[in-house]
Amino acid sequence: VDVSDAALSSNEAADGAGMLGEATSAGGLTLTRVGLTDNEATGNGGGLLLTSGSATISASVFEGNSAAASEDMIAGGGGLANHAGGEVRVEDSSFTGNITSGRGGGIASVGDGPFTVTGTTLSGNYAAEGGGLSSNADAAFTVENSTVSGNTATVAGGGAVVLDTMTFSSATVTGNSAPSGGGIEKLGDSVLFVQNTILASNEGGNCGYEPGTAAITSLGGNLDSGTS
């Protein structure tokens, strides 16, 4: 399924208000230059909810979407919620001003396949946990060559909250805020790798993790302003 040069705006639904992505074909779902703006979900995925298959999202805009999510904060995804089992790739896109009362103001993934965010900006998003993004998936989540800035979480992880395995590579995480882990918060037994990444000026600390759990792993080349 291919969708390109489209605008999906001001829609309301229980889940996937802007678009419900169910791609079971071999080619999966491809979104190119798609704008999902000001959509409102009472559940998950204000802009887009992926439910099955794989997806590639390129040069697209997620702005001003909202998802109420569930009380236990399992997901949310104001901009995008991923519940699919296939590989998901987001490239050269932007997530701005998306909101959820759950996890992942910009992006929330609980899918079973690898998720990669590259060349993408997540800014000004808002959530209880993971203002910019959250991962509670059974596969690796990678953020590379991307900027996570100016996002807010009311509980933890202003830029991102990690509940499984996440890698930041050649990324910039700045100016985010949360009571704990203003930049990135690693919860429980999750795993966080950071390489060639700038972590600076995040209110609530650049990185945080729960006492008694595995420490954050630096793979080198990071620039930390010293508030972790």
Side-chain angles (χ1 to χ4, degrees), residues 43-46 65-83 95-111 115 117 120-138 140-143 146-168 171-194 197-218 222 224-228:
N44 300 302
N65 302 289
S66 64
S70 54
E71 292 183 0
D72 56 10
M73 294 194 303
I74 290 176
L80 186 161
N82 174 43
H83 295 186
F95 291 76
T96 306
N98 301 287
I99 299 172
T100 181
S101 56
R103 289 180 175 143
I107 299 172
S109 180
V110 295
F115 197 117
V117 177
T120 291
T121 298
L122 297 103
S123 64
N125 302 290
Y126 183 95
E129 294 184 343
L133 54 92
S134 73
S135 174
N136 191 16
D138 293 329
F141 193 115
T142 302
V143 180
S146 295
T147 297
V148 181
S149 67
N151 303 286
T152 301
T154 58
V155 177
V161 66
V162 184
L163 295 103
D164 206 287
T165 300
M166 185 178 288
T167 300
F168 280 79
T172 299
V173 182
T174 60
N176 304 285
S177 65
S180 178
I184 307 170
E185 178 78 1
K186 188 185 80 68
L187 298 179
D189 294 326
S190 61
V191 178
L192 173 60
F193 299 102
V194 184
T197 289
I198 298 171
L199 295 133
S201 303
N202 295 289
E203 184 179 348
N206 289 325
C207 289
Y209 65 95
E210 293 179 310
T213 65
I216 298 164
T217 301
S218 171
N222 299 303
D224 190 315
S225 65
T227 58
S228 295

Can you tell if the side chain of Phe95 reaches within under 4.5 Å of the side chain of Leu133, non-hydrogen atoms only?
->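 They are not in contact (no side-chain heavy atoms under 4.5 Å apart), so the answer is no.
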Measure the [atom1]-[atom2] distance between [X] and [Y] for me, rounded to the nearest 0.5 Å.
X	Y	atom1	atom2	result
Phe141	Leu163	CZ	CG	11.5 Å
Ser218	Asp224	OG	CG	9.0 Å
Glu129	Asn136	CD	CG	10.0 Å
Asn151	Asn176	CG	CG	5.0 Å
Ser134	Met166	OG	CE	7.0 Å
Thr100	Asn65	OG1	CG	11.0 Å

So, does [X] use its side chain to make a donor-acceptor pair with the main chain of [Y] at under 3.5 Å?
X	Y	result
Ser146	Thr120	yes
Asn202	Ile184	no
Asn206	Gly183	no
Ser190	Val162	yes
Thr197	Ala171	yes

With sequence neighbours excluded, tell me which residues meet side chain to side chain donor-acceptor pair (under 3.5 Å) with Asn82.
->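 By the side chain to side chain donor-acceptor pair (under 3.5 Å) rule, Asn82 matches Ser109.
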Any idea which heavy atoms bring [X] and [Y] closest together, and the distance?
X	Y	answer
Ala128	Ser101	CB-O, 3.5 Å
Ala153	Gly130	CB-N, 4.0 Å
Ala127	Gly104	CB-N, 3.9 Å
Gly45	Ala67	N-CB, 3.8 Å
Ala178	Gly157	CB-N, 3.7 Å

Which pairs with one or both residues in residues 154-168 pass side-chain hydrogen bond (donor to acceptor under 3.5 Å, both in side chains), sequence neighbours excluded?
->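 Applying side-chain hydrogen bond (donor to acceptor under 3.5 Å, both in side chains) to every pair that reaches into residues 154-168, excluding sequence neighbours, yields nothing.
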Verify side-chain contact (heavy atoms from CB on, under 4.5 Å) between Phe115 and Ile107, making sure each step is shown before the conclusion.
-> CA-CA 11 Å; Phe115 197 117; Ile107 299 172; 3.8 Å; yes
Excluding sequence neighbours, so at least two apart, what forms side-chain contact (heavy atoms from CB on, under 4.5 Å) with Thr213?
->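 Applying side-chain contact (heavy atoms from CB on, under 4.5 Å) to Thr213 gives Lys186, Asp189, Tyr209, Glu210.
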